[in-house]
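To start, the structure itself, in structure tokens.
In this text, all values refer to a predicted model and were calculated from it rather than measured experimentally. Just so it is clear: chains get the letters A, B, ... in the order the sequence lines come, proteins before strands, and each one is counted from 1.
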There are 2 protein chains.
Amino acid sequence: MDDRLVASRNDFVELMGRAMEAEGMPRIGGRIVGLLLFEGRPYSFSELATELGVSRGSISSNTRLLVEREMIAKCSRPGDRQDYFRVADDLYGDLLSGVCRRIRRTSGDIRRIVGELPDEGDTPRERLERFADFYDAVADGIQVAADKVRAQRDTAA
Amino acid sequence: MDDRLVASRNDFVELMGRAMEAEGMPRIGGRIVGLLLFEGRPYSFSELATELGVSRGSISSNTRLLVEREMIAKCSRPGDRQDYFRVADDLYGDLLSGVCRRIRRTSGDIRRIVGELPDEGDTPRERLERFADFYDAVADGIQVAADKVRAQRDTAA
DNA sequence: CATTATGTTCAGTCAATAATGAACGTATGC
DNA sequence: GCATACGTTCATTATTGACTGAACATAATG
């Protein structure tokens, strides 16, 4: 393979690793997604381990995590015992939905706390409600974006 | 202070601590913001340390970080040497702008890598461009939300 | 049945970084 | 000038969580 292409690929894989890390997930998870995205074809379990130079244990736990979050999908091939992985059909939409869910969980937590505030006295009820509203507004916005992405994909297909 | 109110406050402070941690910032930073938001009044440097039960060193580094990110603001009082802190006027908008900036940086990184791909041959150019487009679309959406939040605040005031 | 391929689990290691607290510089008030 | 209050810095400690690799379970293959 072209040297420059390899260099680009490594850059991209590392970039995705760091981006994933910033989202609070293991770096290797991002590397896996990056590799699959860059190459645009399924990779086998062992291929992932050798290509990324990480332990099989890491591949096992990270692919499981990524499949759970629907960022990649497991697929198999007739006459081949290995597990293969590819990027999920709706990777973009699912990325957004995940962010969305996290935000809504936080807003829900805030509202739960507000609900337990004493009724009388000087409480921060209104301030906290506005804060929760803010979170929900952001989640709404992202949800719209996710729907848009899905619509676009469905039209293209 | 009412016991239940104290309990709620601790819950909220801890919630903000964890939320901030999820955003890749120190937990204490979130606790500071949570306390200021809940109480709705400025707190002095020492108050923050004693109230949150953390070292003065932590208060120093975390308030600096939060001021840099414009999530809180330093304010002073005539005839008082202490530093006081309050939530920033545009906390919400700045939170969103921060997220936005991070996303655009990633999309820029992707486009830089795409720009260095060899011209000919089978390259993932189009795939990666679509990925960068996705990131930008999300950033656009968040930017809109941030503007909306600012507009709302300016009307209310 | 022995061997090999495959993926999982988990105890231990390692690295990143948050938090502490003592030492320090500076300013204030007595 | 002395004592005190305030905030910063930085070396050290503690914590967290990713990663490894060996042991394991399972299934295919000859």
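- Between the CD atom of A/Gln82 and the C1' atom of C/dG7 there is a distance of 10 Å, rounded to whole Å.
- If you take CZ of A/Phe85 and C1' of C/dT8, they are 12 Å apart, rounded to a whole angstrom.
- At a threshold of 4.0 angstrom between heavy atoms, the contacts of A/Ile28 are confined to the sugar-phosphate backbone, with no base atom among them.
- B/Ser97 and B/Arg150 share a side-chain donor-acceptor pair at under 3.5 Å.
- The nearest whole Å value for the distance from the CG atom in B/Asp83 to the C1' atom in C/dT26 is 13 Å.
- Geometric assessment of A/Arg77 against the ring of A/Tyr84 yields a positive cation-pi assignment under the 6.0 Å and 45° thresholds.
- Between B/Phe131 and A/Tyr92, the ring centre distance stays below 6.0 Å.
- Atom CG of A/Leu66 and atom P of C/dT8 are 13 Å apart (whole Å).
- The main-chain N or O of A/Val54 is never found under 3.5 Å from a side-chain atom of A/Ser58 such that the two would form a donor-acceptor pair.
- Although no hydrogens or angles enter the test, the distance criterion places no donor-acceptor pair under 3.5 Å between the side chain of A/Thr123 and the main chain of A/Asp119.
- When DNA chain D is scanned 5' to 3' for any atom under 4.0 Å from a heavy atom of chain B, the first and last hits are D/dA5 to D/dT9.
- Of the residues near DNA chain C, A/Ser60 and B/Gly57, the one whose nearest nucleotide (by heavy atom distance) lies more toward the 5' end is A/Ser60.
- Look at CZ on B/Arg27: it is 11 Å from C1' on C/dA19, rounded to the nearest Å.
- Checked for salt-bridge contact, B/Arg112 and B/Asp109 meet the test: a charged N lies under 4.0 Å from a carboxylate O.
- The distance from atom CZ of B/Arg81 to atom C1' of C/dG29 is 8 Å, rounded to the nearest whole Å.
- Atom pair A/Ile59:CD1 and C/dT6:P shows a separation of 14 Å (rounding to whole Å applied).
- Remark: side-chain polar atoms of A/Arg127 are paired, donor with acceptor, to backbone N or O of B/Phe38 under 3.5 angstrom.
- Rounded to an integer number of Å, the gap from B/Arg18 CZ to C/dA18 P is 18 Å.
- A/Arg56 comes within 4.0 angstrom of a nucleotide base, judged by non-hydrogen atoms across all strands.
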